[in-house]
Undergrad: 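Pasting a structure here, questions to come.
In what follows, chains carry the letters A, B, and so on, assigned in the order in which the sequence lines appear, proteins first and then strands, with residues in each chain numbered from 1. Hydrogens, waters and symmetry mates are skipped; everything else that's a heavy atom, side chains included, is used.
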Amino acid sequence: MTAKTDMPSDFIRDIVAEDVRTGKYERIQTRFPPEPNGYLHIGHAKSICLNFGIAHEFGGICNVRMDDTNPTKEETEYVNSIMADVRWLISGWADKNIGGAPLYASDYFDRFYEYAVDLVRKCKAYVDDMSREQTDEYRRIGKESPFRNRPVEENLDLLGRMKAGEFADNTHTLRAKIDMNAPNVWLRDPVLYRIRHASHHRTGDKWCIYPMYDWAHTLSDYIEGITHSVCTLEFEVHRPLYDWILDALELPEPRPHQYEFARLNLTYSVMSKRKLIQLVNDKLVNGWDDPRMLTISGLRRRGMTASALRAFAYNIGITKYPSMTDIALLEHTVRNEFNRTATRRLAVLRPIKVELTNYPEDQVEELDAVNNPEDANAGTRKIPFSRELFIERDDFMETPPSKYVRLRPGGEVRLKYAYIIKCDEVIKDNAGKVTELRCSVDLESKSGGATSNRKVKGTIHWVSAAHAVDAEVRLYDRLFTVPEPDSASAASSGATGSAADFKSFINLHSLEVVTAKCEPSLAIAQPEERYQFERLGYFALDLDSTSEKQVWNRTITLKDTWAKEAKKEVRQPAGAIRQASYPAAETR
RNA sequence: UACCCCGUGGUGUAACGGUAACACAGCGCCCUUUGGAGGCGUUAUUCUUGGUUCGAAUCCAAGCGGGGUAGCCA
């Protein structure tokens, strides 16, 4: 219900709306330009939702364009994953707004080169023979290259020979001729082309010179008729160069314009591609689509829906302030959607056996259970009830704290959709671990029964032992133990002198695997369905599931106010210093 | 260091010169056959100092703080 349904509004959409009002462009055209050198993450999702959102709201098109101008970094595998992620994210929302996809900057290499020749002819670019180091140094001190004033014909000749492969890597560059004393370093004769004798994932060995980002990106936008080129803040200082290129080439209007917004930062996570790839390569997670990763594929596998991700992107808004968003907002968005849509089922994660001593031995009852109390149309189902059950180990305590409302020795509890039971006997093994409970049933207390309205404090979930279906359940938790793994690592490495990095804050309990007891109707669950295991959380089938064995991922727990209460009780002893070990209970 | 951008409750955002609001998080109560959901209440905000104005979160200046850039990466 907190999901806003009105049109989003932010400073970029305001600009677009104004441009629409004044008729500046025939049609609004945006683009999402990933470099195919890694998987997309939730930060990209923010950008996708913005760019496709604008296209969708203003009747325009958003191109997905691979920014593949560096042959040494890019791979086709990434192109495929990127497209799969984009299509999944916009599916059922902006499917009609995607431009024939995917597009590739590399498809424009010929035109980029023609523009470069044109720029040279206009005396606005030159071939530089300086070394990398010299180029950097001269740029820092604002000194002009000795090759800056070569005649046009010589530049043309050298550029042609660069393209023909006459020179080795790093020996020559094509540079824009702008202003070596510009306060903005990106205007100090930036490099437009560099030599790379390397095979490109699409153009193969056709080229040995490759365009730099600014040249390729600006011209790609122009070629595609992009109107609003929206990127993140780090490109802000490139904007004057973006505009310079369009001006220098004297390209006719309408021209694209660049606007920048702040990238997404989330607590308890790292976002940069560089760090995500480390987690994968160091095997701290099981691949890019590990459900603990905030990659789009990881989130999808975990059970997140595209609509929830979109709602999240909407909720966080678009600004230029470099913010740190609380991961709780993401969690809230997911719970908010799933509470309304997820089908309820009973499952016991950590079973403990219960025998109902006064319940007939061979009797099986089929009890009615509602599929979704939030959705009157979801209907009901039957669940079997019998003498031997499983309940959650956490739902019994021998010596519970004061406010505990679940089962205790001599205490009563309601079995959801069934009877009130009383714990008469606790059976333990030699180690003192509770192995079984003997309980008596109030046989009149069933829904509709004589004492069905009897109030007991607690209601717990259960599964009939004889009918239970075993399934593997993967319980995920936050991947990091500290709110800001990046800053924390910086701080601690300074203090200890050791090279502690973000990886030292990995939550070692971020994955727990259990064998759960599930109610029988869960056996026919499908991968795209979302379930709430009552009182536990939201779960979705993992792609590791087989016809023999189901594997469930816990997408997110239910909110657990008892966990907070329990922690307060533990804190009671004054002065007890408990270095907050990662509070697993909080998210369990 | 230089240049650029940004500063609104704990967090994310809104207010577009005219009563500072919404969501998350927190806290309290009610309700509950999910300690879920829901309902009610509550805590808490315009970085500082000047200026312009009848009136400033909003415009201007300076300071302070934060972020970005200074690859032949994108």
Undergrad: It should be established whether A:R132 places a side-chain nitrogen or oxygen under 4.0 Å from OP1 or OP2 of nucleotide B:C73.
TA: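 Checking B:C73 against A:R132, a side-chain N or O does come within under 4.0 Å of OP1 or OP2.
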Undergrad: When rounded to the nearest Å, what value does the distance between P atoms of B:U8 and B:U45 take?
TA: 14 Å
Undergrad: Rounding to the closest angstrom, what is the interatomic distance between B:G9 and B:A23 at atom C1'?
TA: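 That atom pair is separated by 13 Å.
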Undergrad: Could you check which of B:G12, B:C73, B:G35 has an atom nearest any side-chain atom of A:K73?
TA: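 That would be B:C73.
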Undergrad: Mind checking the C1' distance from B:G26 to B:G7? Whole angstroms is fine.
TA: 24 Å
Undergrad: Give a yes/no on whether any side-chain N or O of A:R139 is located under 4.0 angstrom from OP1 or OP2 of B:C72.
TA: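 Result: yes.
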Undergrad: Would you measure the distance from the C1' atom in B:C59 across to the matching atom in B:U52 and give it in whole Å?
TA: 8 Å
Undergrad: Closest approach to the side chain of A:R344, judged atom by atom: which nucleotide of B:U34, B:G35, B:C72 is it?
TA: B:U34
Undergrad: Suppose we call two aromatic rings close when their centres sit under 6.0 Å apart. Are A:Y78 and A:Y39 close by that rule?
TA: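 Ring centres of A:Y39 and A:Y78 closer than 6.0 Å.
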Undergrad: For residues A:Y404 and A:K457, determine if any side-chain heavy atom of one lies less than 4.5 Å from a side-chain heavy atom of the other.
TA: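 Not touching, per the 4.5 Å side-chain cut-off.
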Undergrad: Would you say a side-chain N or O of A:R239 is under 4.0 Å from OP1 or OP2 of B:C5?
TA: no
Undergrad: For A:S131, answer base if it contacts any base atom (sugar-phosphate contacts may also be present), sugar-phosphate if it contacts only those atoms, and nothing otherwise; contact means non-hydrogen atoms under 4.0 Å.
TA: base
Undergrad: Regarding A:V185, tell me which of base, sugar-phosphate or nothing describes its non-hydrogen contacts under 4.0 Å with the strands shown.
TA: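 Since only primed, P, OP1 and OP2 atoms lie under 4.0 Å of A:V185, the category is sugar-phosphate.
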Undergrad: Which glycosidic conformation, syn or anti, is assigned to B:G63 if syn requires a torsion within 90° of zero?
TA: anti
Undergrad: Sequence neighbours excluded, which residues qualify as side chain to side chain donor-acceptor pair (under 3.5 Å) partners of A:K177?
TA: A:N149
Undergrad: Rounding to an integer number of angstrom, what distance separates B:G10 and B:C4 when you compare their C1' atoms?
TA: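 Approximately 30 Å lies between the C1' atom of B:G10 and that of B:C4.
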Undergrad: What's A:E35 touching, base or sugar-phosphate or nothing? Going by heavy atoms closer than 4.0 Å.
TA: sugar-phosphate
Undergrad: Over 60° means perpendicular and under 30° means parallel, so classify the ring planes of A:W207 and A:F109, tilted if in between.
TA: perpendicular
Undergrad: How is A:N170 classified with respect to the nucleic acid when contacts are heavy atoms under 4.0 Å: base, sugar-phosphate, or nothing?
TA: base
Undergrad: In whole Å, I'd like the distance from the OH atom of A:Y78 to the P atom of B:A74.
TA: 16 Å
Undergrad: Go through B:U69, B:A70, B:C72 for me and flag the one nearest to the A:E234 side chain.
TA: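 Of the options given, the side chain of A:E234 lies nearest B:U69.
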Undergrad: Measure CZ/A:R406 against P/B:U34 and give the value in whole Å, please.
TA: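 So the two atoms are 13 Å apart, to the nearest Å.
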Undergrad: Check every atom of B:G7, B:A74, B:C72 against the side chain of A:T69 and return the nucleotide holding the closest atom.
TA: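 Closest of the options to the side chain of A:T69: B:A74.
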Undergrad: Taking the P atom of each, how far is B:A61 from B:C72, in whole Å?
TA: 34 Å
Undergrad: In the 5'-to-3' direction, what one-character label does each nucleotide of nucleotides 25-33 of chain B receive under the scheme B = base within less than 4.0 Å of a protein heavy atom, S = sugar-phosphate only, - = no such atom?
TA: SSSS----B
Undergrad: State, to 0.1 Å, how close A:R140 and A:R188 come at their nearest heavy-atom pair, and which atoms those are.
TA: O-NH2, 3.3 Å
Undergrad: Does the side chain of A:R535 get closer than 4.0 angstrom to OP1 or OP2 of B:G35 through an N or O atom?
TA: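 Answer yes for this pair, as a side-chain N or O of A:R535 is under 4.0 Å from OP1 or OP2.
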Undergrad: State yes or no: are the ring centers of A:F235 and A:H217 separated by less than 6.0 Å?
TA: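 Ring-ring flag for A:F235/A:H217: false, centres at least 6.0 Å apart.
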Undergrad: With a 4.5 Å cut-off on side-chain heavy atoms, are A:Y113 and A:I209 touching?
TA: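 Yes, their side chains come closer than 4.5 Å.
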Undergrad: Contact class for A:T173 (heavy atom, under 4.0 Å): base, sugar-phosphate, or nothing?
TA: base
Undergrad: Contact class for A:N70 vs. all strands (heavy atom < 4.0 Å): base, sugar-phosphate, or nothing?
TA: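 Sugar-phosphate contact only.
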Undergrad: For A:E236, which contact category applies under a 4.0 Å heavy-atom criterion: base, sugar-phosphate, or nothing?
TA: sugar-phosphate
Undergrad: Quote, to the nearest angstrom, the P distance that separates B:C40 from B:C24.
TA: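 Approximately 12 Å lies between the P atom of B:C40 and that of B:C24.
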Undergrad: Could you check whether A:P33 gets within reach of a base, just the sugar-phosphate, or nothing at all, counting any heavy atom under 4.0 Å?
TA: nothing
Undergrad: Applying a 4.0 Å non-hydrogen cut-off, can you work out what A:M130 is touching in the nucleic acid: base, sugar-phosphate, or nothing?
TA: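 If one applies the 4.0 Å heavy-atom cut-off, A:M130 turns out to touch a base.
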Undergrad: A:R175 near the nucleic acid: base, sugar-phosphate alone, or nothing, with a heavy-atom cut-off under 4.0 Å?
TA: nothing
Undergrad: Give one of base, sugar-phosphate or nothing for A:N37, where a contact means two heavy atoms less than 4.0 Å apart.
TA: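 The residue A:N37 makes no contact with any strand.
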Undergrad: Can you confirm whether A:R263 is buried at CZ, in the sense that more than 12 heavy atoms of other residues, nucleotides or ligands lie under 6.0 Å from that atom?
TA: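 It does not: A:R263 CZ has 12 such atoms or fewer within range.
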Undergrad: With the side chain of A:S323 defined as its heavy atoms from C-beta on, choose the nearest nucleotide among B:U13, B:G35, B:A37.
TA: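 Side chain of A:S323 sits closest to B:U13.
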Undergrad: For A:Y417 and A:W462, I'd like to know if the aromatic rings sit close, meaning centre-to-centre distance below 6.0 Å.
TA: no
Undergrad: Hey, does the side chain of A:T267 come within less than 4.0 Å of B:U11's phosphate (OP1/OP2), counting only N and O?
TA: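 No, A:T267 has no side-chain N/O under 4.0 Å of OP1/OP2 on B:U11.
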Undergrad: I'd like to know if the side chain of A:R554 reaches the main chain of A:Y538, judged simply by a donor and an acceptor atom lying under 3.5 Å from each other, with no hydrogens or angles considered.
TA: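 The answer is no, because no donor-acceptor pair under 3.5 Å joins these two groups.
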Undergrad: Examine A:F385 together with A:Y419 and report whether their ring centres are nearer than 6.0 Å.
TA: yes
Undergrad: Could you check if a side-chain atom of A:F112 sits within less than 4.5 angstrom of a side-chain atom of A:T218, using non-hydrogen atoms only?
TA: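 Of all side-chain heavy-atom pairs linking A:T218 with A:F112, none is under 4.5 Å.
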Undergrad: What distance, rounded to whole Å, do you find between the two C1' atoms, one in B:G65 and one in B:C47?
TA: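 Approximately 7 Å lies between the C1' atom of B:G65 and that of B:C47.
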Undergrad: For atom NZ of A:K275, is the number of surrounding heavy atoms from other residues, nucleotides or ligands below 6.0 Å larger than 12?
TA: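 Yes - once you tally the heavy atoms of other residues, nucleotides and ligands closer than 6.0 Å, there are more than 12.
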Undergrad: Is a donor-acceptor pair below 3.5 Å formed from side chain A:Q532 to base B:U34, judging by atom type as modelled?
TA: yes
Undergrad: If only side-chain N and O atoms of A:T135 are considered, is one of them under 4.0 Å from the OP1 or OP2 phosphate oxygen of B:C72?
TA: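 Answer is no, no contact under 4.0 Å.
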Undergrad: Kindly state which residues belonging to residues 209-219 of chain A come within less than 4.0 angstrom of RNA chain B, counting heavy atoms of the residue only, listed by number.
TA: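 A:P211, A:M212, A:Y213, in order of number.
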Undergrad: Any side-chain N or O of A:R194 below 4.0 angstrom from OP1/OP2 of B:A74?
TA: yes
